[in-house]
Amino acid sequence: MDKMPKWADVVLIPLISLILAAILSALVILGIGEDPVAAVNMMVSGALGSTYGWGYTLYYATNFMFTGLAVAVAFHARLFNIGGEGQAMLGGLGVAMICLYIPWPHWTMALLAACAASMLFGAVWAAIPAYLQARRGSHIVITTIMFNFIAAALLNYMLVNVMRPDGSMDPASERFPAAVHLPTLHELLAPIGISFSKAAPANVSLLVAVLACVVVWALIWRTRLGYEIRAYGHSESGALYAGISPFKITMVAMLISGALAGLMATNNVMGEAERLVLNSTEGAGFIGIAVALMGRSHPFGVFLAAILFGFLYQGGAELALWTNIPRELIVVIQALVILFTGALDNMVRMPLEKDFLALRKGNA
């Protein structure tokens, strides 16, 4: 019997963690002599008060959906994939090759090919640490962290020595042809009479991210492979007894995880920058860990958590721009949310479990 109802685990614990993080953040803002209520109002208006703000919030959220799903799939197999950053970088390399070296008549065809290439490159980059864990016993956390640095070095080499246009000093590829530029939300919504900011970077890859949430839900909870992944994650010995191969689950879960992280490049590389640049991932691979933890590794939870972190990113940027609160403090606020929803989860969970058990005994 569960120690607490499912709704409490999915809704109540993250909500209490958020409230605690907000209270501590307010105290920090007070400590530097600023008004926390005014700061919250600025964040809300900057992130949600206009279609421009919504466009950036949804752009960041799209990145976090992909990386959050990537981490969540690995979590279900009890694998801690910290390599989302490197896998997304390699996904960007795949997208750039597809967009630059193949002539496409329309963005729809280019997007399908870019999705396939980004998933392939991300999956291949995740396959090496997966194989090292499954066959050699190398810990997945260590190898995926190392592969982030290798991916950054590889991308730097490709941009400086191979893909940089002649005469350019910028370590970036040339711009993608206009035919492969993805439509923004402004272009998608204008035909149905909805006005949206032209300057906002949110684009059609948001729909790809939502579709990915649905596909991952169907995979994990409606397929035999998903059942095997969850069974292995809950009990390796039980899965072995049932005939489930640890090697297969480790490899498949990490391949799917890497493919989802690589898919992020359709948003930040193809959709926003429209070229491949250094540091285009901007830490989204690591934020995906917090998104997966807060979303309880469920695609719907990941979707909501990604929206929250998109709000924090855009609202924090507006806060740093229009107030005296330094940018570093915005990072502290984001870190507090991650701390309470991830590392300090048991601080909220254990007292709640005791309360629900006492309540259940009292009603028995």
Side-chain angles (χ1 to χ4, degrees), residues 10-11 13-22 24-25 28 39-40 42-49 52-75 81-82 84-85 87-88 200-203 205-206 208-210 212-213 216 257 260-261 263-265 267-268 271-272 279-321 325 327-345:
V10 174
V11 177
I13 292 177
L15 182 60
I16 294 174
S17 298
L18 274 177
I19 292 171
L20 291 174
L24 196 53
S25 299
V28 172
V40 169
M42 176 66 70
M43 290 184 72
V44 171
S45 63
L48 309 176
Y52 175 82
W54 266 108
Y56 269 94
T57 297
L58 292 176
Y59 165 73
Y60 291 126
T62 302
N63 287 337
F64 302 150
M65 283 180 211
F66 287 126
T67 57
L69 289 172
V71 175
V73 170
F75 274 167
N81 179 18
I82 307 188
E85 192 82 355
Q87 292 147 20
N203 58 79
S205 58
L206 171 63
V208 179
V210 174
C213 290
V216 169
S257 179
L260 287 165
L263 198 54
M264 187 190 95
N267 184 47
N268 66 325
E272 194 269 335
N279 303 320
S280 61
T281 53
E282 297 179 321
F286 297 111
I287 297 298
I289 299 170
V291 169
L293 286 170
M294 189 170 184
R296 295 297 183 266
S297 298
H298 191 287
F300 183 65
V302 166
F303 172 82
L304 294 179
I307 298 291
L308 170 66
F309 276 90
F311 161 78
L312 289 175
Y313 257 61
Q314 173 56 17
E318 292 290 320
L319 203 60
L321 182 63
I325 297 176
R327 178 67 190 176
E328 290 75 16
L329 187 60
I330 310 305
V331 177
V332 170
I333 294 172
Q334 294 166 355
L336 286 171
V337 174
I338 296 171
L339 181 68
F340 278 95
T341 58
L344 298 180
D345 178 80

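With values rounded to the nearest 0.5 angstrom, I307 atom CD1 is found 12.0 Å from F311 atom CZ. Annotation: the span from L308 atom CG to L18 atom CG amounts to 5.5 Å, rounded to 0.5 Å. Rounding to the nearest 0.5 angstrom, the gap separating the OH atom in Y60 from the CG atom in L312 is 12.0 Å. Note that CG of L304 and NE2 of H298 are 10.5 Å apart. Values are rounded to the nearest 0.5 Å. Between the CD atom in Q87 and the CZ atom in F66 there is a gap of 14.5 Å [rounded to 0.5 Å]. Distance CG/N63 to CG/L263: 10.5 Å, rounded to 0.5 Å.
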Mind listing the side-chain donor-acceptor pairs of residues 281-293 below 3.5 Å, one per line with the distance, residues two or more places apart or on another chain?
from : atom 1 : to  : atom 2 : distance (Å)
T281 : OG1    : E85 : OE2    : 2.7

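Nearest heavy-atom pair across L69 and V302 is N-CG1, 3.8 Å. Pairing each heavy atom of A261 with each of G84, the nearest pair is CB-O, 3.9 Å. Scanning all heavy atoms of the two residues, the minimum distance from L336 to S25 falls at CD1-OG, 3.4 Å. Nearest heavy-atom pair, S280 versus N268, reported as atom, atom and distance to 0.1 Å: O-ND2, 3.0 Å. C213 and M65 get closest at one heavy-atom pair: SG-SD, 4.5 Å. Considering every non-hydrogen atom in both A305 and G295, the closest pair reads CB-N, 4.2 Å.
Taking the six-membered ring where tryptophan is involved, the planes of Y56 and Y59 are perpendicular, since the angle between them exceeds 60° and thus also 30°.
S17 is not listed as a side-chain neighbour of M294, based on a closest heavy-atom distance of 4.5 Å or more. Side-chain atoms of F309 and V337, non-hydrogen and from C-beta on, do get closer than 4.5 Å to each other. In this structure, T67 and L260 have side chains that are not in contact, with every pair of non-hydrogen atoms separated by 4.5 Å or more.
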| message | One pair to check against side-chain contact (heavy atoms from CB on, under 4.5 Å): I325 and M42. What are the steps and the verdict? | response | CA-CA 11 Å; I325 297 176; M42 176 66 70; over 6 Å; no
| message | Could you walk me through whether M264 and T62 satisfy the side-chain contact (heavy atoms from CB on, under 4.5 Å) test, starting with their C-alpha distance in whole Å, then the side-chain angles of each, then the deciding distance to 0.1 Å, before giving a yes or no? | response | CA-CA 8 Å; M264 187 190 95; T62 302; over 6 Å; no
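A donor-acceptor pair is defined here as one N or O able to donate and one able to accept, closer than 3.5 Å; no such pair exists between the side chain of N267 and the backbone of S205.
Among L319, L48, T57, the single residue meeting the side chain to side chain contact (heavy atoms under 4.5 Å, CB included) criterion with Q314 is T57.
Considering only residues two or more places apart in sequence or on other chains, I19 meets the side chain to side chain contact (heavy atoms under 4.5 Å, CB included) condition with L15, I23. Residues forming a side chain to side chain contact (heavy atoms under 4.5 Å, CB included) with L20 (at least two apart in sequence, or on another chain): I16, F340, M347, V348.
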